[in-house]
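Naming convention: chains lettered A, B, ... in sequence-line order (proteins, then strands); numbering from 1 in each chain.
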Amino acid sequence: MPEPESGKKSYEPKTIEQKWYDFWLRKGLFRPEVNPSGKPYCIVIPPPNVTGQLHMGHALNATLQDVLVRWKRMHGYRALWIPGTDHAGIATQNVVEREIAKENKDRHQVGRDEFINRVWKWKGEYGGRIIHQLKKMGASCDWSRERFTLDDGLSLAVRTVFVRLYEEGLIYRSTRLINWCPRCLTALSDLEVEHEEEEGLLTYIRYPLEGGKGHLVVATTRPETMLGDTGVAVNPGDERYREFIGRMIDLPLTCRQIPIVGDTAVEMEFGTGAVKVTPAHDFNDEEIAKRQNPALPSMTVIGADGKMTAQAGARYEGLDRYECRRLVVEDLKKQGLIEKEEKYAHSIGHCYRCKTVIEPLATPQWYVKIGPMAHEAVKAVREGRVRIIPEGWENSYFAWMENIKDWCISRQIWWGHRIPVWYCECGQTIVSMETPEKCPRCGGAELKQDPDVLDTWFSSALWPFSTLGWPQMPEDMRAFYPTDALVTAFDILFFWVARMIMMGLKFMEDVPFRNVYIHALVRDEEGQKMSKSKGNVIDPLLIVDKYGADAFRFTLAAFAAQGRDIKFSEERVKGYRHFINKLWNAAKFISMNTEDRAVAAGKDDVTDLPSLWILSRLANTADEVNSALEEYRFNDAANRVYQFLWREFCDWYIELAKTGMENEEQAPGIRWSLLCTLNGVLRLLHPFMPFVTEEIWQTMPPAFRDAESIMIAAYPAGLPQDRAAEDRMETVIEAISGVRNIRGELNVQPGVKLKVLVNAGSEDAARTLQGNLPYIKRLAGAESILVGKGLSAPQKAAVNVMSRLEVYVPVEGLVDVKAELERLGKEIRKTDDELSFCLRKLMDQDFVSRAPQQVVAKERAKCQELEGKKANIEDSINRLKSIFQEAENG
RNA sequence: GGGCGGAUAGCUCAAUCGGGAGAGCGCAGCCCUUACAAGGCUGAGGUCACAGGUUCGAUCCCUGUUCCGCCUACCA
């Protein structure tokens, strides 16, 4: 076997990664067609924003999906990972608006058509950025199936869904309060509003009763809205105010009079128990107003731009809402109408995009009547047709779905799917897939299309089937829907996952995916969320550049424990780069020691214990990795291979093999085992670290390569295990560890060869040890070994009592007897503690009679073992003490 | 206000069934043994947040408390 990359001392990812990625692309290995007869397995990528740059979240997300897809592909599945991007309406529009602003223009000056052109142009230039970055991560997406939420096929899907929902009465238009962003100048859905606790002021304002007889005091956090008050509400059960209901208030700073009304929603304990009612600017107040008979009127005093309207009065018109607040309070103070102001922490809604404080505003918008679809979506999860992993998230899902409100889907922006609705001068509304030529009612041709576009999430909700070709029914659709797994972070569980389930059930009559795996958030070292404003963002591409994609991916996977966020630090990646280096060097060693000689050998040539053992351990590892991945326990899978490669394969097997290969007879079997195990571990690791595994694998002897790429080589599973060999090997390992322990503890120099005696606990153990003396000799650093059952310890020896055997090392002249006595003292204290704990348990009648038989028996055996161990150590201590005394006397 | 999650070695985190807790990193000692010093061998290190309860037995199950995250909500 030629050495990988001509035997460089360490792995250098940079040159290698591009080479293999190109190779995979050239060979079309990312396409499901490489396994034409396999069972379909499909994942659709959560489409990143087309404006986006790869961040840690994407990196984790992509890594986990790639692990799954590569793993399934190697298992022979017709695996398909569909990539794509999201047109990200508001975000993308903002980017291009900023660009235009540099030319001192706004989008209205540019005009709608030209503006859209500009956005497409921008998309063409920069939109592929994140796709390119995903490739750097090693993502094995089928790029030939890449989609974009605004491409023709997906746009058709969007129109189809809109029209059908409209026809079924599940989409409607209504004018009511919505969340309005005065900066983006668009409506937002409830989900797009981020609530944040802020320190504010609670202002107590005196509202004079009509006719100048006294006043009511109301408390508010938004004094400026008083200009739009159309009532004051008190709880009808409130003794203090009951008599006022029905009377009028002289609303200060205006010349209006407003009524005092009763509403049970008013909390008597809060503030003064009287609340001003501003139906046009507060969701609660809107409700209160509607409940009155006749309803309280609505008066909009703040406009779409966040500035006061003419209705606010000449003095305030045109002022920004916050300037107005100051002025209103100032004016009220002058009139002595401010009773007090107190600090008050409350939560305020912000635009998720630009963080501007949301203004509730009454505007006509389109809504999806979500109740019926939500009901079905809840059922699908309850019945297990969609599994959410980890399960904990199901509760959040249910809670949200069961209190869900209708979904506002129209946005007052230009970049997105234009709402397929036209209005005729005659008042007719036309909802249609295609642009209508004339009004079906009056025949008029003066039709105006609704200027708004749809919420980006409306198109994302169709992603699992629109990407597969719906509303057509191509082969992909039949093969891959429902998809198998959806991998995402919890923050879009409602935004996206829930809506996909609803839309999938509605239009495909089946769930969009069977499993939803919710992964962690990647935080910084201190556990803080990464954000630009905090300046703690780590660029994944820099990490890839520095340590390679493999080390980075492995780190992410190894820390992706369910239900816990990842605190990311570069140190960890460094650690896993060492791991790759270990793999690299193991491969180098194997290559140096096998050359072409191994090809002739096969499994039948394997006779030595270490080889039987490592092959069995590989089988065991493969099983554990497979079952961990089956359950999305990525960290367990990664850690198990890590353990196997480093601890079992490198630390033990390779060291043993060095000795084993000195024996000409068993050398071929060992060479074969080295290659076979390396082959297995490369395959096991490939989904986690695709590049380095391919690089090494390609240098293996052809007999070990049954495919043109490791990507499509069979994933190890169901290999035979040899429990007897594992058990015997344990005995050998115990003997070696027993000696090493003495060496280490007593500080015996590595160069010093020891005379070792091993007292085996059984004939079996004795035979095993006898049969593997060369290994023990080399790894324990012994010049001679005497093995037997019932051997007794020489006078002057260090003793190590293990569970299957005892190790004696004559120490005369080698070590400080005093140090050995100390070591044994420590040992006996530990044994004694354990023993007394064990005995106490067995003397407890309740334990013996009530605990399961097995447990009691186990405890008895343990007790016996400990007693034996204690006796042996005591013997050694006595012996050494006598030596010690001799020495003192002599 | 409601809900969820977390608290385990110096740090970051694991632990299927309730039967005296593991790893990585770090630390200490010894070693450049020709795959690898990005390494090897050995070792130290724990009141499983706190208080009760259930149980023969609790890191694990139940109740409460404290602290820390997060989600959600119309007390102005």
Side-chain angles (χ1 to χ4, degrees), chain A residues 3 7 9-11 195 202-203 218-222 225 233 265-278 282-288 344 346-347 360 390 392-393 395-396 399-400 403 490-491 493-494 521 523 525 527-529 558-559 561 563-569 571-572 574-593 631 633 635-636 639 642-643 646-647 650-651 654-655 658 737 740-751 778-781 833-834 837-838 841 844-852 854-856 858-859:
Chain A
E3 287 175 25
K9 198 166 161 110
S10 60
Y11 175 59
H195 293 273
L202 191 55
T203 308
V218 298
T220 179
T221 54
R222 303 198 56 193
T225 62
V266 178
E267 294 282 336
M268 293 183 263
E269 289 74 30
F270 188 87
T272 59
V275 56
K276 59 194 260 332
V277 181
T278 323
D282 185 286
F283 292 102
N284 280 323
D285 294 0
E286 186 189 36
E287 294 299 316
I288 293 174
Y344 179 65
H346 63 308
S347 86
W393 293 108
N395 279 334
S396 314
W400 186 68
N403 296 304
F490 72 86
D491 52 353
L493 183 60
F494 308 139
L521 235 53
R523 300 172 174 280
E525 244 169 307
Q528 301 281 315
K529 215 166 168 169
F559 282 92
R564 198 191 279 256
D565 287 346
I566 297 174
K567 289 187 196 167
F568 186 86
S569 95
E571 282 305 302
R572 311 237 167 113
K574 222 183 260 177
Y576 286 109
R577 185 180 57 173
H578 296 175
F579 174 63
I580 291 175
N581 189 48
K582 192 75 182 173
L583 171 65
W584 185 258
N585 281 292
K588 200 169 88 184
F589 171 81
I590 292 167
S591 126
M592 280 163 39
N593 281 278
E631 294 160 49
R633 288 183 286 111
N635 58 325
D636 286 346
N639 288 322
Y642 181 97
Q643 193 71 20
W646 202 315
R647 303 272 88 97
C650 292
D651 288 352
I654 289 185
E655 293 309 316
K658 288 176 184 172
S737 299
R740 281 177 169 177
N741 172 270
I742 290 173
R743 295 193 84 109
E745 288 281 279
L746 299 184
N747 255 330
V748 180
Q749 295 297 303
R778 166 101 166 242
L779 269 64
D833 282 353
E834 278 178 57
F837 178 80
C838 203
K841 236 172 169 178
D844 183 347
Q845 269 313 304
D846 287 325
F847 172 74
V848 177
S849 58
R850 296 205 201 189
Q854 283 173 317
V855 175
V856 178
K858 206 170 114 193
E859 214 62 27

So what's [N] paired with, Watson-Crick or G-U wobble, going by both distances under 3.5 Å?
| N | value |
| --- | --- |
| G26(B) | none |
| U33(B) | none |
| G52(B) | C62(B) |
| U8(B) | none |
| U16(B) | none |

With respect to the phosphate group of [N], does any side-chain polar atom (N or O) of [X] fall under 4.0 Å of OP1 or OP2?
| X | N | value |
| --- | --- | --- |
| Lys588(A) | U34(B) | no |
| Asn741(A) | G43(B) | yes |
| Arg743(A) | C31(B) | no |

Heavy atoms only, 4.0 Å cut-off, all strands: where does [X] land among base, sugar-phosphate and nothing?
| X | answer |
| --- | --- |
| Lys567(A) | sugar-phosphate |
| Arg633(A) | nothing |
| Arg222(A) | nothing |
| Tyr642(A) | sugar-phosphate |
| Ser396(A) | nothing |

**Asked** Under 6.0 Å between ring centres, would you say that holds for Tyr576(A) and Tyr642(A)?
**Response**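 Distance test on ring centres: under 6.0 Å, yes.
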**Asked** Quick one: which of C30(B), A76(B), A38(B) gets closest to the side chain of Asn581(A)?
**Response**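 Of all the options, the side chain of Asn581(A) is nearest to A38(B).
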**Message:** Given G39(B), C31(B), C75(B), identify the nucleotide with an atom nearest to the side chain of Trp646(A).
**Reply:** G39(B)
**Request:** Look at the side chain of Glu745(A) and the base of A44(B), then say whether one donor and one acceptor between them are separated by less than 3.5 Å.
**Result:** no
